Amino acid sequence: MTSHTQEIELLREVNSYFISGNDHTDNLIEKLGDVVQATSRMMQDESMWGYTSNMGNDPLIHQVINSNLECVVKYETFTLNQLRLTKGLMLLLRNFSLINELNADTYNLIANLVEKLNGLFTEGELALKAVDISIVGFHCIFNFMKSHDEPDVVVFTIKALNFVMDQLMYTGGIFELRQTLSLTKQCCEISQTKAILKEQNCGALIKLLKCSTRILNFNTETNLEELHSNEAIEYQVIVNIAQCLMNFFDDEVLGIAAYKMEKERPGDNNAVLLYLIACQMVFSSEPLANWDYVAIGAVVLDFFRIYTDQCKRLLETANTDEFELKLQHRKIIALFDIISNLMPYEMFRKVMNSYEVLEKLIEFFHVVENNTERKRLKDESIVNREKKSFGNVKTIIVEIITYFVHNDKKNQDLVREKGGLILLLNNCNLDTNEPFIRERCILCLRYLLENNLENQDFVASLEAKGVEINKENEEILEKCGYEIEIVDGKVQLKNVSNKRHKSE
């Protein structure tokens with residue numbers, strides 16, 4: 001004889017409700033909610049653990065729940081009360097599945113229900129309740145998969161994830177997104193589910209990026225530093241997204257999908273930006289052993305080409321759309337920061353060198369230098385309408401150049417030949433749009449001049465090259481081994497560290 005007479009009677013009443021089609025619940029929602037709440041306390045209350053485990057092992061409990069689900073999956077549409085009771089049943093099964101394995105019949109009914117709900121409602125309270133049920137169903141399906149790794153079960157687990165992401169495109173909020181992310185992360189880590197995600201060109205992850213931009217209201221105005229300092233939930237969600245993506249840098253699949261989104265769907269700009277921001281987080285952390293830097297480099301190059309071309313067009317155009325400029329500025333900052341974080345890795349540098357990225361980067365440096373404003377503290381209130389605001393881009397460019405030229409004579413010479421030395425010297429002054437560029441230029445110049453007589457001679461021979469003279473310039477160049485002489489208000493640089501070479 002079962003020890004859960006009351007619970008079984010309640011579930012039979014729910015079943016009668018579904019069979020009758022009468023929408024008067026007679027407190028069934030509240031009663032079922034009490035049982036769900038009791039089983040949900042199993043992690044905090046040992047007695048509730050036993051209660052939940054015993055219920056989950058009771059075949060009659062499962063038989064009655066399955067009878068309910070058999071009715072539910074036949075519905076063509078639902079009332080709100082029907083969805084509420086269905087969610088209660090699904091929560092019970094989810095809690096059971098945390099302790100005991102669901103049987104195959106129950107799994108199939110859950111799978112059918114999740115598939116039926118996908119796309120059934122697109123707005124309002126019904127859509128929100130439907131996505132809640134789908135998320136709980138996805139949890140059940142995922143828990144079933146952990147002990148049943150048959151190919152069809154694994155495939156349907158990712159199918160269920162896709163169903164949830166489809167619904168989150170138009171309904172649900174940060175609570176629903178966070179509920180989904182924990183298991184999405186595990187799907188990205190488990191080899192079988194990860195393989196299916198890749199076979200599907202990471203479609204579920206692209207949907208994750210898209211629905212997250214809607215839910216987080218993520219756009220060019222999103223201030224990550226502020227979210228971080230305020231310990232905002234939104235920041236943690238972005239971190240969780242990054243943790244999902246970091247498992248997919250062992251080949252090009254995810255990167256190609258993101259690049260395709262950039263190229264083919266301009267309306268998904270914010271989703272692409274979120275992808276780049278998440279990648280920034282990933283590549284500023286410790287790398288995974290299986291990362292393929294050649295594959296990462298190939299994807300980075302694709303984005304590099306399109307973003308430098310787009311920014312060049314916007315910077316060199318007189319009447320630029322301010323929103324588009326701001327968007328491309330945010331994207332290229334993210335991309336350059338990714339490159340800077342990856343440059344310490346030798347294989348990634350080899351990829352960048354093989355595609356002559358340094359030369360293209362210096363060319364872009366010239367474009368930014370010629371078309372963007374430079375401000376000093378005394379000029380803060382002055383607006384230069386002929387020049388565009390494009391702050392911090394040159395600083396990251398200099399960081400990347402520094403990695404290229406460190407102990408690399410060929411790249412050091414290339415910087416000189418492409419006018420990079422002049423660019424660096426011209427950016428050694430304080431600029432409120434580039435507050436850290438002075439320090440970056442000092443280090444970069446030091447590496448460019450170190451053991452490179454041609455570069456030393458070039459700098460030492462500079463006279464009246466348009467570099468404005470002030471004490472800051474003097475300090476910078478003296479740190480690099482040069483003395484400064486003033487001739488008619490212009491600068492002349494004298495090599496101090498290599499006088500013997502100059503006298504020969």
Side-chain angles (χ1 to χ4, degrees), residues 158 161-162 165 180-213 218 224 235-263 268 270-307 330-355 357 396 399-400 403-404:
I158 299 305
L161 173 60
N162 273 285
M165 293 302 170
T180 308
L181 269 172
S182 59
L183 293 188
T184 303
K185 180 174 178 289
Q186 292 184 59
C187 286
C188 295
E189 295 168 344
I190 297 171
S191 58
Q192 296 97 318
T193 44
K194 178 182 173 182
I196 301 301
L197 285 166
K198 285 188 175 184
E199 285 179 15
Q200 299 175 1
N201 297 318
C202 295
L205 297 180
I206 296 300
K207 292 175 185 177
L208 170 63
L209 291 167
K210 291 180 181 181
C211 70
S212 296
T213 59
F218 186 90
L224 285 179
Y235 184 82
Q236 187 55 51
V237 167
I238 297 172
V239 170
N240 293 151
I241 292 171
Q243 290 169 342
C244 292
L245 302 189
M246 73 183 300
N247 297 282
F248 291 84
F249 295 107
D250 51 353
D251 60 29
E252 301 178 9
V253 176
L254 175 61
I256 290 173
Y259 180 70
K260 186 176 181 180
M261 182 165 55
E262 170 68 57
K263 286 281 288 183
D268 294 327
N270 289 332
V272 176
L273 179 59
L274 180 56
Y275 165 77
L276 293 168
I277 296 298
C279 288
Q280 274 185 279
M281 291 181 171
V282 169
F283 294 127
S284 63
S285 62
E286 287 296 315
L288 296 183
N290 65 341
W291 282 359
D292 184 341
Y293 290 102
V294 175
I296 295 169
V299 173
V300 164
L301 283 166
D302 286 336
F303 279 103
F304 179 87
R305 293 186 188 101
I306 190 171
Y307 287 166
R330 189 81 185 268
K331 285 181 178 179
I332 205 160
I333 284 281
L335 177 66
F336 282 175
D337 190 57
I338 290 167
I339 295 173
S340 181
N341 284 324
L342 289 168
M343 284 298 286
Y345 302 105
E346 182 181 4
M347 184 55 68
F348 182 81
R349 286 199 308 277
K350 285 183 177 179
V351 175
M352 296 297 101
N353 279 318
S354 67
Y355 285 92
V357 170
I396 308 180
E399 284 183 10
I400 299 170
Y403 281 114
F404 271 116

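It should be emphasised that the depicted structure is a prediction, and the values quoted were computed from it without experimental measurement.
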CA sep, side-chain torsions, deciding dist, call: F248, L197, side chain to side chain contact (heavy atoms under 4.5 Å, CB included):
CA-CA 10 Å; F248 291 84; L197 285 166; 3.8 Å; yes

Does any N or O in the side chain of S284 come within less than 3.5 Å of the main-chain N or O of Q280, such that one atom is a donor and the other an acceptor?
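Confirmed, S284 side chain pairs with Q280 backbone.
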
Spatial distance of atom [atom1] ([X]) from atom [atom2] ([Y]) [nearest 0.5 Å]:
X	Y	atom1	atom2	answer
L274	C279	CG	SG	9.5 Å
I196	I190	CD1	CD1	12.5 Å
L276	I338	CG	CD1	5.0 Å
I241	Q236	CD1	CD	10.5 Å
Y307	D302	OH	CG	11.0 Å

With a 6.0 Å cut-off on ring centres, are F283 and F249 close enough?
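So the answer is yes for these two rings.
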
[X] and [Y]: which non-hydrogen atoms are nearest, and at how many Å?
X	Y	result
T180	T184	O-OG1, 2.8 Å
I206	A258	CD1-N, 4.1 Å
N240	L181	CB-CD1, 3.9 Å
A204	L161	CB-CD2, 4.1 Å
A242	A278	CB-O, 3.6 Å
V299	Y275	CG1-OH, 4.3 Å

Run I332 and F304 through side chain to side chain contact (heavy atoms under 4.5 Å, CB included) and show every step you take.
CA-CA 8 Å; I332 205 160; F304 179 87; over 6 Å; no

Candidate pair K210 and M165, rule side chain to side chain contact (heavy atoms under 4.5 Å, CB included), full reasoning
CA-CA 9 Å; K210 291 180 181 181; M165 293 302 170; over 6 Å; no

So C188 and L205, do their side chains get closer than 4.5 Å, heavy atoms only?
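Yes. Closest side-chain heavy atoms under 4.5 Å.
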
Side chains of F218 and I277, heavy atoms from C-beta outward: is any pair under 4.5 Å?
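With C-beta onward as the side chain, the pair touches.
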
Any pair with a residue in residues 185-201 that passes side chain to side chain donor-acceptor pair (under 3.5 Å), sequence neighbours left out, goes on the list, sorted by first then second residue, please.
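Of all non-adjacent pairs touching residues 185-201, those that pass side chain to side chain donor-acceptor pair (under 3.5 Å) are N162-Q200, K185-E189, K194-D250, K198-D250, K198-D251.
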
Only distances under 3.5 Å count here; give the side-chain donor-acceptor pairs of residues 342-352 to other protein atoms, sequence neighbours excluded, each with its distance to 0.1 Å.
from	atom 1	to	atom 2	distance (Å)
R349	NH1	M343	O	2.8
R349	NH1	P344	O	3.0

Evaluate I339 against F336 for side chain to side chain contact (heavy atoms under 4.5 Å, CB included), listing each step before the verdict.
CA-CA 5 Å; I339 295 173; F336 282 175; 4.1 Å; yes

Please output the side-chain donor-acceptor pairs of residues 287-298 that fall under 3.5 Å, not counting sequence neighbours, one pair per line with the distance.
from	atom 1	to	atom 2	distance (Å)
W291	NE1	M246	O	3.1
D292	OD1	V294	N	3.0
D292	OD1	A295	N	3.1

